[in-house]
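Only heavy atoms go into these numbers, but all of them, side chains included; no hydrogens, no water, no symmetry mates.
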Amino acid sequence: MTVDTFAVEAQTDAADTPDAALDSSSTTDAPSASATDSAVADTAVTDAPVDSPADDSDSASESGPVAAEKPKKAPAKKAAPKKTKTLELTLTVTGTADGEWKAELKQGNSYIAKNLLVAAAAVSRAAKELHEDLSGPIDEVIDAAREQQAAKVAALEAELEAARKALAELDD
């Protein structure tokens, strides 16, 4: 709600004020309380905003200096935590009974590297670097393959020794 104030006009006999107020104001030359009351009576209350310097000074005295106050900004919203993009790679290391190790690297459904030969010692070192729980089972598999290869070498050496004896008998 805003208050419109008009300039105070000189009183006339045609005013809507009671005769008693006119009699008391005409007896003195100085403005009395009734003259002030008639000025207030001329004030109209409206709902429409009015741009007048008097309104600005009145509101400035009630709420403080307008020029010094800036409109308060709404507090900044906290940004949602940034979701880290995950990159999924699948490394598959396959060992055979012969001691051959192969590696494949897959991203999604496409292969980045396929059928790469890898040394058993490199597989063991990589497993130890990744996690202790991985290195135990992988080392067991590598040890079993090593024992199997040692048995195969022993069998081949025995066969080679038998073939040498057979060759020596033929020479005699």
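The closest side-chain heavy-atom distance from Lys128 to Asp139 is below 4.5 Å. Arg164 places none of its side-chain heavy atoms less than 4.5 Å from the side chain of Leu167. In this structure, the side chains of Lys106 and Thr92 stay at 4.5 Å or more apart for every pair of heavy atoms. The shortest side-chain heavy-atom distance between Asp143 and Glu140 does not fall under the 4.5 Å cut-off. Residues Thr96 and Trp101 fail the side-chain proximity criterion, which asks for heavy atoms closer than 4.5 Å.
Within 6.0 Å of CG in Asn109 there are 12 or fewer heavy atoms belonging to other residues, nucleotides or ligands.
Remark: Arg125 engages no residue in a salt bridge (charged side-chain N to carboxylate O under 4.0 Å, His left out) (not counting sequence neighbours).
From Leu130, atom CG reaches atom CD1 of Ile138 across 8.0 Å, with rounding to the nearest 0.5 Å. Expressed to the nearest 0.5 Å, how far CD of Glu104 lies from CG of Leu116 amounts to 8.5 Å. The distance from the CG atom of Leu105 to the CD atom of Gln107 is 8.0 Å, given to the nearest 0.5 Å.
The salt bridge (charged side-chain N to carboxylate O under 4.0 Å, His left out) contacts involving residues 83-92 comprise nothing, where partners must be two or more places apart or lie in separate chains.
Across all their heavy atoms, Ala120 and Ile142 have their closest contact at O-CD1, 3.4 Å. Across Val118 and Val123, no two heavy atoms sit closer than the pair CG1-CG2, 3.6 Å.
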